[in-house]
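Here's the structure we're looking at; comments come further down.
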Amino acid sequence: MGSFRDKLDRLAPVVKMPAPPVEEDSVGTRLDRARELLQKMAAAQEKRPPASAGSLLASRLSRTARLPAVHSGKELPGAVEETPHGPVHFARTWLQPADTHGVVRAASALEASSTLVAELALDPVFDGVDLSRMLLIDTETTGLSTAAGTVAFLIGVAFFEDESLCVEQLVLTKLGHERPMLEHLADRIRNASCIVSYNGKSFDWPLLRTRYVMNRVPTPPIPPHLDLLHCARRVFKKRLDRVRLVDMERELLGFVREHDVSGAEIPGIYLRFLRTADPGRLDGVLEHNGHDLVALAAILGELARRFQQVRREDDPRDHLAFARVAERAGDMERAEQFATAAAEGGGNADNTLDALLVLARTAKRGGLIAAEQLALQKALEAAPPERRAFVHLELSKMYERRQKRTVPALVHALHTAAEEDEEPRDRRVHRLTKRLAKQNRKKPLRANLRFTSKR
């Protein structure tokens with residue numbers, strides 16, 4: 001069969017018109033024309049709007065070497081390369097240090113402090129980890145299960161070399177040929193200081209571990225694993241209904257995907273490729289996976305930046321969430337800073353109350369009794385009616401245990417009925433009344449006094 005050009009030539013008339021004479025230009029004329037063309041190209045480049053991260057990634061994927069499909073004119077991005085473990089189909093894309101995903105540079109992940117990452121993860125193992133050797137991982141699979149029948153047909157990894165991010169995607173073009181790509185991934189994992197994923201602890205890594213077992217490939221020991229989904233839930237779950245990766249892209253990075261392949265479509269696209277050898281929309285799956293990997297780097301950098309220092313423009317609910325994370329991590333100074341911003345940020349009554357309670361707890365842990373009292377008194381003023389009993393209880397404990405002031409402790413103990421059961425409340429009131437009577441050198445005031453809880 002001839003080419004499409006040959007078919008056009010056969011359809012052309014037998015008698016051809018003579019070609020017009022070509023005037024021979026001088027060398028100077030050709031140089032002038034070349035300069036004029038370059039000037040036009042430069043002017044057009046200056047007028048072109050800056051490319052978004054999405055268009056950068058898509059255009060760079062489109063420029064990679066491509067593997068021709070067997071039964072169609074379409075091509076699959078990337079090419080087969082020989083590795084020490086066997087042939088693997090790779091598609092690689094490089095992002096430069098200035099390239100952004102939305103409004104955040106992917107290279108901002110390198111600026112994150114390992115100490116802050118350890119606090120965000122609530123895992124001290126990350127303190128001191130060399131984040132320049134992180135390995136970002138995301139997979140595309142034939143289903144949502146981690147059982148033996150689900151295959152990771154696309155394993156995407158990303159890593160930094162200097163400040164440039166390399167997005168490396170391993171594509172399984174034929175079932176039964178997973179071993180080389182799994183061994184190549186094992187090499188990447190062994191050279192990494194930590195793993196970064198989004199829901200990878202619950203899905204990606206358990207699935208990959210199953211694939212290692214099914215292919216009789218030794219499972220590589222995994223370094224510290226940072227699952228950014230857990231971090232996102234701690235910080236944004238109260239404010240946002242959902243904390244999917246695309247939600248974090250929109251909220252943190254200002255990036256909205258256009259014409260993205262949905263996760264529900266991906267298994268069907270790959271199975272069609274296996275049946276027909278036609279890549280179809282598989283290039284869109286690679287672009288989807290590439291966005292996920294770049295987003296991981298940008299989200300890590302942005303989370304660490306927002307956690308490093310209070311930004312007054314952030315939502316008070318985010319300030320409170322950061323305060324709670326810092327408190328759980330034992331960073332009382334950072335917890336106090338974010339709790340103060342949350343209390344003064346103009347949020348709703350519940351948010352303000354919770355922030356003041358964090359301030360009270362940090363003051364208590366620091367032994368600052370006056371600061372604890374002030375925070376609890378402000379909390380009582382800010383509390384909605386249904387939550388005042390809890391603040392009364394905290395005030396009663398504070399006055400009794402740390403300030404040794406019986407009268408105010410007893411006054412607040414009389415207002416805790418909605419927060420605690422009748423028996424412990426009665427014991428507290430009885431104890432305080434006896435102490436007060438002893439202090440006044442009088443008989444105990446109705447030692448068997450019982451108060452009816454008003455629910």
Side-chain angles (χ1 to χ4, degrees), residues 102-104 108-109 111-124 126-127 196-202 226-255 295-296 298-366 375-376 378-379 382-384 387 390-391 394:
V103 297
V104 177
S108 65
E111 301 167 5
S113 161
S114 63
T115 301
L116 291 183
V117 170
E119 291 188 12
L120 283 168
L122 297 179
D123 189 347
F126 288 98
D127 195 0
V196 181
S197 69
Y198 206 87
N199 197 33
K201 285 187 174 181
S202 299
L226 175 62
D227 193 330
L228 289 177
L229 174 60
H230 300 170
C231 302
R233 280 176 177 163
R234 293 187 194 106
V235 178
F236 300 106
K237 183 62 177 178
K238 187 173 181 179
R239 179 165 67 87
L240 303 177
D241 292 334
R242 295 185 291 184
V243 289
R244 299 171 303 164
L245 185 60
V246 292
D247 299 318
M248 293 300 98
E249 282 181 313
R250 182 184 65 254
E251 292 292 329
L252 290 182
L253 313 179
F255 182 84
L296 286 176
I299 288 171
L300 174 58
E302 184 65 9
L303 265 176
R305 186 179 76 88
R306 294 193 182 196
F307 191 44
Q308 183 173 9
Q309 188 174 4
V310 174
R311 306 189 326 159
R312 296 295 173 181
E313 64 270 23
D314 285 347
D315 193 286
R317 291 168 291 184
D318 296 347
H319 286 151
L320 175 60
F322 278 129
R324 284 173 165 167
V325 170
E327 181 187 12
R328 291 179 63 184
D331 189 345
M332 293 300 108
E333 181 179 356
R334 196 176 305 277
E336 180 184 357
Q337 292 172 355
F338 277 101
T340 301
E344 299 174 353
N348 60 32
D350 284 315
N351 197 81
T352 302
L353 170 61
D354 289 333
L356 290 167
L357 291 175
V358 172
L359 283 174
R361 290 194 297 270
T362 58
K364 175 183 174 182
R365 291 185 64 171
L376 287 175
K378 289 184 176 180
R387 299 189 63 188
F390 177 80
V391 185
E394 294 300 308

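Numbers here are sequence positions counted from 1. Just so you know, these numbers come straight off a predicted model, no measurement behind them.
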- Message: Using every non-hydrogen atom in the two residues, find where A335 and V358 come nearest and quote the distance to one decimal.
- Response: O-CG1, 4.4 Å

- T340 vs V310, side chain to side chain contact (heavy atoms under 4.5 Å, CB included): CA-CA, chis, key distance, verdict: CA-CA 10 Å; T340 301; V310 174; over 6 Å; no

- Query: Do the ring planes of H319 and F338 sit parallel (below 30°), tilted (30 to 60°) or perpendicular (above 60°)?
  - Reply: tilted

- Task: Measure the spacing between NE2 of H230 and CZ of R233 and express it to the nearest 0.5 Å.
- Result: 6.0 Å

- Within 6.0 angstrom of D241 CG, more than 12 heavy atoms from elsewhere: no

- Item | Closest non-hydrogen atom pair between T352 and G347, with its separation | OG1-O, 3.6 Å

- Message: Just so I know, are the side chains of L245 and I299 near enough to count as touching, which here means a heavy-atom distance under 4.5 Å?
- Response: yes

- Task: Please check if the side chain of R234 supplies one atom and the backbone of L120 the other of a donor-acceptor pair under 3.5 Å.
- Result: yes

- Query: Using 4.0 Å as the upper bound for N to carboxylate O, is an ion pair formed by D354 and R387?
  - Reply: yes

- Message: How close do V235 and A321 get, counting heavy atoms only, and between which atoms?
- Response: O-CB, 3.1 Å

- Query: Do other residues, nucleotides or ligands put more than 12 heavy atoms under 6.0 Å from K238 NZ?
  - Reply: yes

- Which value, rounded to the nearest 0.5 Å, describes the distance between D318 atom CG and N351 atom CG? 9.5 Å

- Message: Within this structure, what is the CG-CZ distance for the pair L116 and F126, rounded to the nearest 0.5 Å?
- Response: 13.5 Å

- Message: Show the nearest heavy-atom pair for residues A339 and A355, with the distance to one decimal.
- Response: O-CB, 3.5 Å

- Query: Can you tell me how far the CG atom of L228 sits from the CG atom of N199, to the nearest 0.5 Å?
  - Reply: 11.0 Å

- If we only count heavy atoms from C-beta on, is the T115 to D331 side-chain gap below 4.5 Å? no

- Message: Looking at E302 and R305, is there a salt bridge between them, counting it only when a charged N and a carboxylate O are closer than 4.0 Å?
- Response: yes

- Message: Do M248 and L253 make a side-chain contact, defined as non-hydrogen atoms from C-beta onward lying under 4.5 Å apart?
- Response: no

- Task: Answer yes or no: is there a side-chain heavy-atom contact under 4.5 Å between L300 and L226?
- Result: yes

- V117 side chain reached by D127 side chain, heavy atoms, under 4.5 Å: no

- Message: Is it the case that over 12 heavy atoms from other parts of the model lie below 6.0 angstrom from the CZ atom of R328?
- Response: no

- Item | Gap separating the CD atom of E119 from the OG atom of S113, nearest 0.5 angstrom | 8.0 Å

- Query: Is there a donor-acceptor pair under 3.5 Å between the side chain of R334 and the backbone N or O of F307?
  - Reply: yes

- Message: Nearest 0.5 Å, please: how far is CD in E394 from CZ in R361?
- Response: 8.5 Å

- Note on the structure: Taking every heavy atom of P384 against every heavy atom of A349, the minimum-distance pair comes out as CD-CB, 4.3 Å

- Stepwise side chain to side chain contact (heavy atoms under 4.5 Å, CB included) check, F236 with L252: CA-CA 10 Å; F236 300 106; L252 290 182; 3.4 Å; yes

- Message: As a quick check of understanding, evaluate side chain to side chain contact (heavy atoms under 4.5 Å, CB included) for D227 and V196, giving each step before the final call.
- Response: CA-CA 6 Å; D227 193 330; V196 181; over 6 Å; no

- Nearest heavy-atom neighbours spanning V104 and A298: CG1-O, 3.7 Å

